[in-house]
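Structure record follows, encoded as structure tokens.
Numbers here simply count residues along the sequence, with the first being 1.
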Amino acid sequence: MPESLFEGHGIFSRRALLRGSVVGAAGLAAAALIGCDDDDDEPAPAPATPAPTPTAAAPAATPTPTEAAATPTATPRPPPTRSTPPPTPTPTPTPTPDPDAAKRGGEIVTVFFRARTSWDPHRATSPIQTQDHWGLVGNSLFVPDPETLLAVGDLVTDWEWTDDTTLIANLDPAAKWQNLPPLNGRPFTAADAKFNVERIAFSDWSPRAFLFATLESVDAVDDHTVKFNLTSPDANFLDALASLYNAMVSPEVAELSGNDLNDPRALIGTGPFLSESHEEGVGGRYVRNPDYWRAGRPFLDAVEYRIIPDDSVQFGLFKAGEIDGPARVWPNSFGIQLQEEEDLTVWHSNGDFRGYSGVVFAVQKEPFNDVRLRAAVHLVFNRQALAQFQYEGFASLTTPGGRDPYFTLPDEVILAQPGFRPEKDEDIATATQLVQAAVGGELEVPQHTGEFYVIQNEVLQAELATIGIKTELKILPSGGIIATEHADANEDFVFQSTTRGGGDTVDHSFLQTFHPGGSQNPYGIDDPVLTEMIDRQRGLLDPEARRDLYHAIEGHILQNMYIAPGLRGQGFMFWKNRVKGYRFGLAGGGNVKAHLFEEIWVED
């Protein structure tokens, strides 16, 4: 069994921890909390400074992400000289070989492991599967580079910040809509870009409007130039534009449908494949767009997709050669078996793109408006056992931020703290005392969970029972994330354990979960100090200064136990080797990178 992430880490001293800009996780000097009678939602007092311990070296700073340097051009070697050159015959013209000719043709079968959530990419609240469909039929202004997650142009060829609040973006003049009514292959224009960005940023129903809070207006300067006017500097803005939810939809189709695009007939974009057929819950097919504006692309003739929610069925079909990929393989024991196959390309996440997960609390409601109880849950949470039990050792620790390894707190900083350390006896004893100090006996509360996370919640349920917290599991659909629009249907909600992706921007989880009014903040987190820090870091354009404040934000969240961070599984994904050109990246090889399908081909 591979070594767990949690084994073999050194313990950092308090001095090293403070260099990481976080006060002790659960920030929570146990003695101070046990004696605390105040159970409102005020921030916990700063912990007493413990006795000094030997200082460990601070972790090396992660270099600032930069774009790859251009490959140097080789200097041509001069031809050999002759004293008397021979006469040169007139050569017979021969056609220049087309290096892409051998790539063209072929079909692949891919798999979606959940049914779509909406055909409208701008209304979707889950990446599965709307992004996948629109990644095939559409384009975005920007997309995340798979290796770095930095925004790169898609429909945009180049861009410039003329000042800290003005972005000018130039569109590819070749870009055009698919040759289907009512678009009929007309050019993609700045007016189309303006329509889409305003639809995403300014619609009352938009689940990502919060990412565009600094956008004041969008101007179509001319047919191929878009101007974005911000109210203040925004380090997130390009990342927000590069969200894979931001496929460009047709203004004409939106008008004809009354702005209701939740219909497969609305799948008309600027992209490399045409929507051909769909059967709800079964699958469908996309075919090559012969008029795609990128010459020669896509290479494939067709992409067939199947919806296969059962992992064992997916595993069997993949082994039988009926699925080409990318296939998410779960549990990891399936992935370990598939690694032994000779005709597969294997991707295994290394935990860099960690997302964030953990136990979240309704901090304005009893009983978890008492920080002592939140701390007790954190302390008893045995992440090491969960890593082995649920993830077979392939798991990464998550943090309150979680998207980008450059910004988030290093594992070494967190793992030395109470609750995260592999030795649990002291943590369990302290957690028991905290429960007694808070409620004076046993506590019975509901424990919400998503249907995909029942195992980790059952593990937590058993652990909580050992410290006097008895829970009843309440299983919610899908991932169990309680969005604000569903909060009234869960009036008894007090806490849950869940797992989430890293989001569209480096501070997506800050804005969504820990900021007042965030679309996934039914937990009542409204901390003016935290809110000010979240708002301030967004305006820091210097990455190093932003990272320092980012670490302080994560520390503040942990200090007040607004979340007890958990784990994110390190999964396996595969391609059959007959499929060439697919790029696995920092966020994985999943179908949410469907916009990369125009680059792949089949080699039989």
Look only at the side chain of [X] and the backbone of [Y], and say whether a donor-acceptor pair between them is shorter than 3.5 Å.
X: Thr225; Y: Val221; result: no
X: Trp177; Y: Val249; result: no
X: Ser206; Y: Ser203; result: no
X: His122; Y: Ala247; result: yes
X: Gln314; Y: Val111; result: no
X: Thr231; Y: Thr214; result: yes
X: Asn246; Y: Ala240; result: yes
X: Ser140; Y: Val143; result: no
X: Asn289; Y: Gly271; result: yes

Does [X] reach the side chain of [Y], with side-chain heavy atoms less than 4.5 Å apart?
X: Trp119; Y: Leu261; answer: no
X: Asn236; Y: Leu511; answer: yes
X: Pro233; Y: Thr165; answer: yes
X: Val287; Y: Asp301; answer: no
X: Leu136; Y: Glu598; answer: no
X: Leu317; Y: Val313; answer: yes
X: Phe597; Y: Thr110; answer: yes
X: Val156; Y: Asp172; answer: no

Does Phe273 have Arg288 sitting over its ring (NZ/CZ under 6.0 Å from centre, angle to axis within 45°)? no
Is the positively charged end of Arg123 above the ring of Trp205, judged by distance under 6.0 angstrom from the centroid and angle within 45° of the axis? yes
Does the salt bridge (charged side-chain N to carboxylate O under 4.0 Å, His left out) test come out yes or no for Lys576 and Asp343, once each step is laid out? CA-CA 6 Å; Lys576 288 289 186 181; Asp343 64 337; 3.1 Å; yes
Any chance the rings of [X] and [Y] have centres within less than 6.0 Å?
X: Tyr550; Y: Phe510; result: yes
X: Tyr305; Y: His133; result: yes
X: Trp159; Y: Phe142; result: yes
X: Tyr286; Y: His278; result: yes

Heavy-atom closest contact ([X] atom, [Y] atom, distance):
X: Ala124; Y: Pro207; result: O-CG, 3.5 Å
X: Asp324; Y: Glu107; result: OD2-O, 4.2 Å
X: Phe212; Y: Ala201; result: CB-CB, 3.5 Å
X: Trp293; Y: Thr270; result: NE1-O, 2.9 Å
X: Ile108; Y: Trp575; result: CD1-CH2, 3.9 Å
X: Val226; Y: Ala190; result: CG2-CB, 3.7 Å

Trp161 vs Asp164, test: side chain to side chain contact (heavy atoms under 4.5 Å, CB included). Steps then yes/no. CA-CA 7 Å; Trp161 287 98; Asp164 286 349; over 6 Å; no
Would you compute the distance between atom [atom1] of [X] and atom [atom2] of [Y] and round it to the nearest 0.5 angstrom?
X: Leu167; Y: Leu241; atom1: CG; atom2: CG; value: 7.0 Å
X: Asn139; Y: Leu155; atom1: CG; atom2: CG; value: 4.5 Å
X: Arg578; Y: Glu603; atom1: CZ; atom2: CD; value: 10.5 Å
X: Thr505; Y: Phe407; atom1: OG1; atom2: CZ; value: 10.5 Å
X: Ser396; Y: Leu567; atom1: OG; atom2: CG; value: 8.5 Å
X: Asn262; Y: Ser118; atom1: CG; atom2: OG; value: 4.0 Å

Has Arg265 got more than 12 heavy atoms of other residues, nucleotides or ligands less than 6.0 Å from its CZ? no
Determine whether more than 12 heavy atoms belonging to other residues, nucleotides or ligands lie under 6.0 Å from atom CD of Glu255. no
Only one of Asp507, Asp239, Asp234 passes salt bridge (Lys or Arg N to Asp or Glu O under 4.0 Å) with Arg538; say which it is. Asp234
Donor on one side chain, acceptor on other, [X] and [Y], under 3.5 Å:
X: Gln456; Y: Ser497; answer: yes
X: Asn170; Y: Thr157; answer: no
X: Asp163; Y: Thr166; answer: yes

Derivation of the side-chain hydrogen bond (donor to acceptor under 3.5 Å, both in side chains) call for Ser357 and Thr398: CA-CA 6 Å; Ser357 71; Thr398 66; 3.3 Å; yes
Kindly indicate, with the supporting measurements, whether the criterion side-chain hydrogen bond (donor to acceptor under 3.5 Å, both in side chains) is fulfilled by Asp219 and Asn229. CA-CA 8 Å; Asp219 299 327; Asn229 306 294; 3.0 Å; yes
Would you sort out whether Glu252 and Ser250 count as a side-chain hydrogen bond (donor to acceptor under 3.5 Å, both in side chains), showing the intermediate values? CA-CA 5 Å; Glu252 291 94 324; Ser250 158; 3.2 Å; yes
Residues Lys580, Glu599; criterion salt bridge (charged side-chain N to carboxylate O under 4.0 Å, His left out); working and verdict: CA-CA 9 Å; Lys580 305 295 183 183; Glu599 302 177 1; over 6 Å; no
Check the pair Arg208 / Tyr245 against side chain to side chain contact (heavy atoms under 4.5 Å, CB included), numbers first and verdict last. CA-CA 9 Å; Arg208 273 164 297 284; Tyr245 291 100; 3.3 Å; yes
Apply side chain to side chain contact (heavy atoms under 4.5 Å, CB included) to the pair Phe210 and His508, showing each step before the final yes or no. CA-CA 9 Å; Phe210 72 96; His508 190 116; 3.7 Å; yes
Side chain to side chain contact (heavy atoms under 4.5 Å, CB included), that's the test. Do Lys227 and Ile168 meet it? Break it down for me. CA-CA 5 Å; Lys227 181 182 178 184; Ile168 302 293; 3.5 Å; yes
Check ion pair Lys176-Asp192 (N to O, under 4.0 angstrom): no
